[in-house]
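Below: one structure, written as structure tokens.
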Amino acid sequence: EVSWSVPPLALPESGTPFDLDDPPEAISLFVERARAVDVDFELTPDNAQSVVAICRHLDGLPLAIELAAACAAAIAVDDIAQRLNESLALLGGRVRTGLPHQRTLESTIEWSYNLLGDDERNVFICAGVFAGSFALESLETVCGGAGINRSEVIGLLTSLVDKSLIVVSHEMDTRYRLLETVRAFARAKLAPSPFLRELERAHTDWALGFASEANSHVFGSERARWIRRISDNFDDLRAVLERCQDQADSVTGLRLLTAMEPFLVEIGDHEGFLTTTAVADGASWLERLVDAGEVPPAVLAPMLSTRGFLLMLQGNDLAATEALEQSIDLFELCGDAIGKAPAEQYLATAVWEDRERSHDLLLSAIAAFEHSDEPPWQFWMSLFYFNLWDLQHGDHAEAEPFARRLGLLGAESGDAITKAHASEVFGLRSHFSDDADDARRHLLEAVRNYRQASFTVTCFGHCLDHVSLWTLH
């Protein structure tokens with residue numbers, strides 16, 4: 001016996017126009033079935049995007065598309081798309097052909113669900129808590145947190161894949177997901193269960209652990225992999241933030257968002273270019289979570305630091321300065337010198353033209369980071385910015401040991417960004433020392449490392465500006 005995976009009907013690529021007279025398979029089926037109940041139905045530029053949204057939401061499943069199209073005689077396609085986003089109850093209608101368990105979408109899924117053993121059902125319902133795709137270890141963590149034996153999850157997951165209740169993808173990393181219609185069914189089974197809160201807590205704990213682990217890899221040889229993993233899991237991280245807001249759990253939500261801070265400019269773009277939408281989204285979440293419930297100073301302090309960081313990325317240095325100053329005050333109230341250091345580094349950048357203040361803030365941050373067992377990524381940035389400060393405002397000598405330290409950290413970590421920062425600093429120091437050949441060598445090395453790291457367009461652009469400076473010289 002051989003199993004063949006039958007793919008869903010073809011959908012148009014996201015954001016890609018298509019020929020209305022010759023649409024992809026899923027769209028064509030919707031139009032055909034809609035005309036069966038309304039002979040005047042036409043696919044037009046005005047309704048095409050709503051039809052695409054319906055078919056995409058239904059994962060290209062023929063039965064689901066038929067049931068949605070059957071509503072077209074009574075409900076505008078815009079309304080069908082909107083209602084499907086809120087609930088799949090709209091698909092409760094029946095098709096006239098097929099076996100009894102194949103005549104409604106719910107009966108088809110229910111029939112498959114009833115054939116599962118108890119352990120398979122538990123893992124299936126656990127998978128339903130994920131908003132997007134997930135890795136095996138993520139499901140194991142959530143199942144384990146909900147009281148299911150982790151060692152049994154892989155076998156039960158394999159069984160659910162074999163029974164087509166869970167879909168597997170091997171594109172980059174192996175990931176699993178429930179089709180939207182199947183996920184809605186799993187959540188409907190979960191909603192009345194006392195198991196719901198326990199499972200949601202396990203899901204939240206997984207998200208916190210995942211984001212914290214990702215934060216520790218923001219610089220290093222595995223940085224690109226972790227950017228991709230954050231992006232792959234972004235739907236679930238967002239779902240946890242929404243749940244924290246709904247349940248007035250501001251502390252947990254802010255802890256998660258603070259851990260995600262260095263990736264907010266990366267989410268949604270594996271190449272790492274600055275994503276303004278993600279930055280604005282992060283800033284919006286901060287405001288909503290603060291408003292959702294009471295926040296103690298120990299949580300509010302890093303939140304304000306993150307807020308200042310995001311405001312700087314949005315070009316609002318005045319508001320960033322206010323937030324960062326409040327953050328520093330709260331860190332001092334809590335007696336957390338190491339926690340305060342990132343806020344000092346950000347504030348030094350926001351008040352860059354205040355030479356003395358930015359100088360003292362950077363030195364204070366570096367001194368605090370030096371006493372940390374595992375300095376965060378802002379340590380590298382503090383060393384980098386102090387060198388830039390010294391080259392712009394100083395005598396080029398004070399930062400020399402910090403330049404060497406930055407170069408050593410880059411060599412030890414193998415991190416392309418740290419090496420790029422170090423090479424850029426060495427190139428600028430050589431430029432101002434009138435060593436043109438050495439400046440050229442280091443600045444071109446910085447460009448290569450920025451490209452390798454796919455770092456933000458802002459930093460890469462600054463480096464190219466410095467290359468231009470050397471060229472003009």
Side-chain angles (χ1 to χ4, degrees), residues 59 116 119-180 182-187 189-190 193 195-218 220 222-244 247 249 252-253 255-264 266-268 270 278:
D59 298 296
L116 301 177
D119 291 340
E120 289 175 315
R121 291 182 184 184
N122 288 336
V123 172
F124 171 71
I125 288 175
C126 282
V129 80
F130 287 93
S133 66
F134 53 88
L136 169 61
E137 59 267 24
S138 302
L139 181 62
E140 288 174 330
T141 299
V142 170
C143 287
I148 298 172
N149 190 334
R150 290 187 56 151
S151 65
E152 297 178 359
V153 172
I154 186 170
L156 296 167
L157 175 61
T158 301
S159 177
L160 292 169
V161 170
D162 290 341
K163 294 173 182 177
S164 301
L165 284 169
I166 292 181
V167 179
V168 61
S169 169
H170 301 288
E171 290 182 7
M172 294 286 286
D173 302 318
T174 299
R175 295 187 66 80
Y176 305 85
R177 70 182 181 95
L178 275 65
L179 298 178
E180 193 60 40
V182 178
R183 180 183 293 109
F185 177 88
R187 291 187 173 181
K189 290 292 183 184
L190 181 61
S193 169
F195 186 48
L196 174 61
R197 279 304 178 96
E198 185 179 358
L199 187 55
E200 286 181 342
R201 172 49 57 188
H203 184 232
T204 298
D205 290 344
W206 161 79
L208 283 169
F210 170 77
S212 298
E213 186 178 5
N215 188 286
S216 68
H217 291 279
V218 66
E222 294 191 326
R223 174 180 177 276
R225 174 174 172 262
W226 279 94
I227 291 174
R228 187 177 72 248
R229 291 190 66 187
I230 280 280
S231 202
D232 286 344
N233 289 286
F234 187 51
D235 287 342
D236 277 281
L237 297 173
R238 183 192 292 272
V240 172
L241 291 174
E242 289 174 350
R243 188 162 62 235
C244 288
Q247 298 177 358
D249 187 0
T252 300
R255 284 174 57 205
L256 175 59
L257 199 56
T258 301
M260 292 169 60
E261 175 190 316
F263 294 97
L264 288 174
E266 314 283 0
I267 291 169
H270 293 169

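Throughout, residue positions are numbered sequentially from 1 according to the sequence presented.
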Expected list for residues 140-147: side-chain donor-acceptor pairs under 3.5 angstrom, two or more places apart:
| unit_1 | atom_1 | unit_2 | atom_2 | d |
| --- | --- | --- | --- | --- |
| Thr141 | OG1 | Glu137 | O | 2.9 |

Which pair of non-hydrogen atoms, one from [X] and one from [Y], has the smallest distance, and what is that distance?
| X | Y | result |
| --- | --- | --- |
| Cys126 | Leu199 | SG-CD1, 3.6 Å |
| Gly253 | Leu241 | O-CD2, 3.5 Å |
| Leu237 | Leu256 | O-CD2, 3.8 Å |
| Leu178 | Ala127 | CD1-CB, 3.5 Å |

Using side-chain heavy atoms (C-beta onward) and a distance below 4.5 Å, is [X] in contact with [Y]?
| X | Y | value |
| --- | --- | --- |
| Ile230 | Phe210 | yes |
| Leu136 | Arg175 | no |
| Leu156 | Val153 | no |
| His217 | Arg229 | no |

With [X] via salt bridge (charged side-chain N to carboxylate O under 4.0 Å, His left out) - residues at least two apart:
| X | answer |
| --- | --- |
| Asp119 | none |
| Arg238 | Asp281 |
| Arg183 | Glu180 |
| Arg225 | Glu222 |

Requested in this report: For side chain to side chain contact (heavy atoms under 4.5 Å, CB included), just list the numbers for Glu242 and Gln247, CA-CA rounded to whole Å, side-chain angles, deciding distance to a tenth of an Å, and then say yes or no.
Outcome: CA-CA 9 Å; Glu242 289 174 350; Gln247 298 177 358; over 6 Å; no

Report summary line: Output for pair (Leu157 CG, Tyr176 OH), nearest 0.5 Å, gives 5.0 Å

Requested in this report: Nearest 0.5 Å please: distance from the CD1 atom of Ile148 over to the CG atom of Asn122.
Outcome: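 Going from CD1 on Ile148 over to CG on Asn122, the span is 5.0 Å.
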
Report task. Decide side-chain hydrogen bond (donor to acceptor under 3.5 Å, both in side chains) for Ser133 and Arg177; before the verdict, give the C-alpha distance in whole Å, the side-chain angles of both, and the deciding distance to 0.1 Å. Result -> CA-CA 4 Å; Ser133 66; Arg177 70 182 181 95; over 6 Å; no

Which residues pass the side chain to side chain contact (heavy atoms under 4.5 Å, CB included) test with [X], not counting sequence neighbours?
| X | value |
| --- | --- |
| Glu198 | Phe195 |
| Thr252 | Arg201, Thr204, Leu208, Cys244, Asp249 |
| Asn149 | Ser151, Glu152 |

Requested in this report: Taking Asn215 for its side chain and Ala259 for its backbone only, find out whether a donor-acceptor pair lies under 3.5 Å.
Outcome: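 Yes; judged by distance alone, with no hydrogens or angles, the pair exists.
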
**Report entry** Partner residues of Thr258 under the side-chain hydrogen bond (donor to acceptor under 3.5 Å, both in side chains) criterion, sequence neighbours left out
**Finding:** none

Query raised in the report: Which residues satisfy the ring-ring contact (aromatic ring centres under 6.0 Å, His included) test with Phe130, sequence neighbours excluded?
Result: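 Here the qualifying residues are Phe134, His203, Trp206.
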
Requested in this report: Mind checking ring-ring contact (aromatic ring centres under 6.0 Å, His included) for Phe124 and listing every partner two or more places apart, or none if nothing turns up?
Outcome: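 Phe124 satisfies ring-ring contact (aromatic ring centres under 6.0 Å, His included) with Tyr113 only.
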
Query raised in the report: With a cut-off of 6.0 Å (strictly less than), are more than 12 heavy atoms of other residues, nucleotides or ligands near CG of Leu196?
Result: yes

Run the side-chain donor-acceptor check on residues 163-171: report pairs under 3.5 Å with partners two or more places apart or on a different chain.
| unit_1 | atom_1 | unit_2 | atom_2 | d |
| --- | --- | --- | --- | --- |
| Lys163 | NZ | Glu120 | OE1 | 3.2 |
| Lys163 | NZ | Glu120 | OE2 | 2.9 |
| His170 | ND1 | Thr174 | OG1 | 3.2 |

